[in-house]
A.B. asks: 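The following block contains the structure, expressed as structure tokens.
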Amino acid sequence: MTPEFKQRRNSLAQILKANRLGAAAIVPGPNFQFLTGLSFLLMERPTLMFVTDSGDVFAIMPELEREMWSAAMHNTTTFYWQDSEGFDKAFTDLAAEMGAISIGIEGQRMRAFEANALGAVFGPDAIKDAQAELAKPRLLKTDDEIVLIE
């Protein structure tokens with residue numbers, strides 16, 4: 001992964017700290033692509049990336065995305081799941097790994113079943129709508145990005 005994407009995730013980590021959030025849960029879409037450079041479709045299978053306030057990256061990925069995800073995000077702790085087994089264990093294993101933290105979600109993008117699955121393993125009070133804050137790294141342009149746009 002290029003330094004550019006690492007810097008973007010570090011910028012998000014600083015926003016998380018400032019908002020007292022332990023992690024952000026990102027689903028496929030503009031923020032996901034901005035933070036990884038990968039374009040995943042929002043499909044019926046839960047596909048989530050988590051960036052912690054220390055910059056660590058975790059993910060829940062369908063097994064069918066393993067090749068693309070692991071090639072680009074090889075230093076990520078990833079919990080893969082298959083349709084035949086369901087995704088519950090991936091969420092449970094993620095919660096065991098991350099511990100008791102608050103998680104900011106993209107409230108206008110994340111679907112109810114993903115938010116409910118997170119609430120089931122982290123507790124409903126741990127899930128916070130942080131839509132505006134999570135979009136900031138993508139929406140607030142650096143001087144270099146402004147030059148590229150111009």
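Quantities reported herein were computed from a predicted structural model and do not represent experimental measurements.
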A.B. asks: Please say yes or no: joined through hydrophobic side-chain contacts below 4.5 Å, possibly via intermediate residues, are Phe91 and Ile101 part of one cluster?
C.D. replies: yes
A.B. asks: Hey, which of Thr47, Ile105, Asn31 is the one that makes side-chain contact (heavy atoms from CB on, under 4.5 Å) with Ile26?
C.D. replies: Asn31
A.B. asks: Measure from the side-chain N and O atoms of Asp56 to the backbone N and O of Thr52, and report whether any donor-acceptor pair falls under 3.5 Å.
C.D. replies: no
A.B. asks: Tell me if a side-chain donor or acceptor on Gln7 pairs with a main-chain N or O of Glu4 at a distance below 3.5 Å.
C.D. replies: no
A.B. asks: Any donor-acceptor pair under 3.5 Å linking the side chain of Glu106 with the backbone of Val27?
C.D. replies: yes
A.B. asks: So how far is it from Asn10 CG to Ile15 CD1, rounded to the nearest 0.5 Å?
C.D. replies: 11.5 Å
A.B. asks: Output yes when a side-chain donor or acceptor of Glu63 lies under 3.5 Å from a complementary backbone atom of Tyr80, and no otherwise.
C.D. replies: no
A.B. asks: Could you tell me whether the side chain of Gln33 reaches within less than 4.5 Å of the side chain of Phe40, counting heavy atoms only?
C.D. replies: no
A.B. asks: Quick one: are Gln14 and Lys136 in side-chain contact, heavy atoms under 4.5 Å?
C.D. replies: no
A.B. asks: Is there a donor-acceptor pair under 3.5 Å between the side chain of Arg9 and the backbone N or O of Thr36?
C.D. replies: no
A.B. asks: In terms of heavy-atom contacts, does CD of Gln108 have more than 12 from other residues, nucleotides or ligands at under 6.0 Å?
C.D. replies: no
A.B. asks: Would you say Phe58 and Met49 make side-chain contact, with heavy atoms under 4.5 Å?
C.D. replies: no
A.B. asks: Side-chain contact test, heavy atoms from C-beta onward, threshold under 4.5 Å: evaluate it for Glu97 versus Phe79 and give yes or no.
C.D. replies: yes
A.B. asks: Please state whether the rings of Trp69 and Phe32 are parallel, tilted or perpendicular, taking 30° and 60° as the class boundaries.
C.D. replies: tilted
A.B. asks: Phe87 vs Phe113 aromatic rings, parallel, tilted or perpendicular, using cut-offs 30° and 60°?
C.D. replies: tilted
A.B. asks: Considering residues, nucleotides and ligands other than Lys17, do more than 12 of their heavy atoms fall under 6.0 Å from its NZ?
C.D. replies: yes
A.B. asks: Any side-chain heavy-atom pair from Phe122 and Leu94 closer than 4.5 angstrom?
C.D. replies: yes
A.B. asks: With no hydrogens and no angle check, just 3.5 Å: does a side-chain donor-acceptor pair link Thr76 and Thr78?
C.D. replies: no
A.B. asks: Decide whether Met68 and Leu48 are clustered together by the hydrophobic rule: side chain heavy atoms of Ile, Leu, Val, Met, Phe, Trp, Tyr closer than 4.5 Å, transitively.
C.D. replies: no
A.B. asks: Do Asp129 and Met110 touch side chain to side chain, with heavy atoms closer than 4.5 Å?
C.D. replies: no
A.B. asks: Are Leu38 and Leu12 linked, directly or through other ILVMFWY residues, by side chains that come within less than 4.5 angstrom of each other?
C.D. replies: yes
A.B. asks: Quick one: does Asn116's side chain get under 4.5 Å of Arg111's, heavy atoms only?
C.D. replies: no
